[in-house]
Amino acid sequence: MKRAIRVFWRDCTVNFDPNQVDFPSPRHRDIWDEGRRIVPLEVSLEDIDDPETVEGCTQIYNWTRAYFEAIYEYPERFAGQTPYGMFRLLDDAAECRANADKGFELSPPKMRQLSSLRKYHLRDLALVGLEIVDGPGHKNLVNKDFPLFCKYFKLFYDAAYRKKVNRVEYLACCDFRVLAPKYKRTLDDLLRVLPDTLKAYAGEMDAYALEKGAKLEPHKYYAFFRYKYKKETLLTLKQNWWRGTPLDIAVPYGALESFLGIAEAQEDGEALIAYIQKEICACDACGGTKKASERCSGTWVDIRGVWRLPAGCHQDISKWKASKRNLEYSDYDIAMLKRMVDIRIMQIDKLIV
């Protein structure tokens, strides 16, 4: 049996620096990619005053940081590739009733569900201080190291559940602001976890869109910020951690043929068309997880002599589905993406008029 990793009383030694570039393995990079997004307590607890709630959330945060540290330092001991799956398991468990002392009450059907869907992470429970113990007619998931963990994780889950989408994002990032009366995410939440270079690029695109008359839409989705121009989407900035780059900058093209026509008519039209050919978001069957018949797009398009299969789920110019050798942003990318914004504005103006 694997020996439990008792790291809960130590200060974290892995700081998940957003600017880190060297990793022992691709798996370490994946763990870092999630760990860098954890919201600092001074941010997430700023509007929470109740002492016990503060303590309960602090226990969840300390457990989370300890878990991330443990799996980063000892990945070979864990069945789960990264911590994210464990939070999906806890998300499932939190559907159940939670008692302050007895943890989550897991009915036999719920245990079968967890065993079926989260089998790898069930094996990791003991490594991070979680236990499933017998109860009267059911099992209990408990955390003996942090007695308030289950009670406040349940409250945390219930608050996150009321959000639009991405519930597990709130849980995995320890974003306790969902418990506060006035929850609001701002672009700073995205910028805070980006490497300095990408932070500068995101800030530059934000400033450019606002300068052109766009308005930042009130936040709806976790780590997703959308700019509107005359009620049409002009630009999006969003977290992109599972695609291999922390940031996705995207400009929608609307009706592709009209977008191409406007781009082609510009003085730098040849360069614009070449960039669109290269960076249009192409369908990759959800990272190769779906069959060709299950693609969201099945229509190949001739983009001025170059055939592409545009994605139906991301109809924009972006690196969302780029090959891994093409994920890094450069000054040229930002210059061209600004030009894509210009083209999109012309397209919207033409449609509105």
Side-chain angles (χ1 to χ4, degrees), residues 187 190-191 194-217 225-238 240 243-284 297 299-353:
L187 188 64
L190 177 63
L191 300 179
L194 292 177
D196 290 342
T197 302
L198 290 179
K199 185 184 301 183
Y201 285 155
E204 198 172 332
M205 293 302 299
D206 167 75
Y208 192 76
L210 297 177
E211 177 188 322
K212 292 293 182 176
K215 294 182 179 180
L216 180 57
E217 183 181 60
F225 299 90
R226 184 161 47 195
Y227 296 78
K228 292 293 189 74
Y229 174 79
K230 295 183 178 180
K231 298 184 179 181
E232 298 290 333
T233 302
L234 177 67
L235 169 73
T236 61
L237 302 175
K238 62 184 174 182
N240 189 27
R243 299 296 303 191
T245 178
L247 174 69
D248 180 60
I249 304 170
V251 179
Y253 49 74
L256 180 57
E257 188 55 39
S258 78
F259 194 87
L260 291 171
I262 295 170
E264 198 170 31
Q266 306 304 304
E267 290 186 2
D268 56 347
E270 186 174 338
L272 295 174
I273 292 297
Y275 193 79
I276 294 169
Q277 290 170 339
K278 178 185 176 186
E279 301 295 355
I280 190 169
C281 187
C283 182
D284 67 349
S297 174
T299 305
W300 286 84
V301 176
D302 181 0
I303 302 179
R304 305 302 187 259
V306 175
W307 287 92
R308 292 287 183 264
L309 182 63
C313 54
H314 291 272
Q315 297 180 348
D316 45 43
I317 311 301
S318 80
K319 293 183 180 292
W320 176 253
K321 304 244 177 181
S323 60
K324 290 189 176 181
R325 63 181 179 276
N326 188 36
L327 284 170
E328 298 297 327
Y329 286 95
S330 66
D331 290 346
Y332 182 76
D333 283 308
I334 301 306
M336 294 305 290
L337 285 165
K338 287 180 180 178
R339 292 293 288 129
M340 295 298 116
V341 167
D342 295 338
I343 302 305
R344 178 63 172 154
I345 287 175
M346 290 182 231
Q347 183 188 47
I348 293 171
D349 284 341
K350 185 176 180 181
L351 291 172
I352 299 300
V353 175

- Message: Can you give me the closest heavy-atom contact between V251 and R344, atom names plus distance?
- Response: CG1-CB, 3.9 Å

- Message: Taking the side chain as everything from C-beta on, heavy atoms only, tell me whether V301 gets closer than 4.5 Å to I280.
- Response: no

- Item | Contact check, side chains of K199 and L190, non-hydrogen atoms, under 4.5 Å | no

- Note on the structure: Taken in chain and number order and not counting sequence neighbours, the residues that satisfy ring-ring contact (aromatic ring centres under 6.0 Å, His included) with Y275 are none

- Message: Please find the pair of heavy atoms, one from L247 and one from L198, that lie closest to each other, and give the distance.
- Response: CD2-O, 3.9 Å

- Is a salt bridge present between E257 and R304, judged by a nitrogen-to-oxygen distance below 4.0 Å? yes

- Task: Determine the minimum heavy-atom distance between Y253 and I317, stating which atoms define it.
- Result: CD2-CD1, 3.9 Å

- Query: Can you check whether Y329 reaches L337 side chain to side chain, under 4.5 Å on heavy atoms?
  - Reply: yes

- Message: Please enumerate all residues that pass salt bridge (charged side-chain N to carboxylate O under 4.0 Å, His left out) together with E204, with sequence neighbours excluded.
- Response: K338

- To the nearest 0.5 Å, what is the distance between CG (L234) and CE (M205)? 8.5 Å

- Message: Quick one, M340 and E279 - any side-chain contact, counting heavy atoms below 4.5 Å?
- Response: no

- Note on the structure: Rounded to the nearest 0.5 angstrom, the CG-NZ distance for D248 and K238 is 5.5 Å

- Message: Please determine whether the number of non-hydrogen atoms from other residues, nucleotides or ligands lying under 6.0 Å from atom CD of E270 exceeds 12.
- Response: no

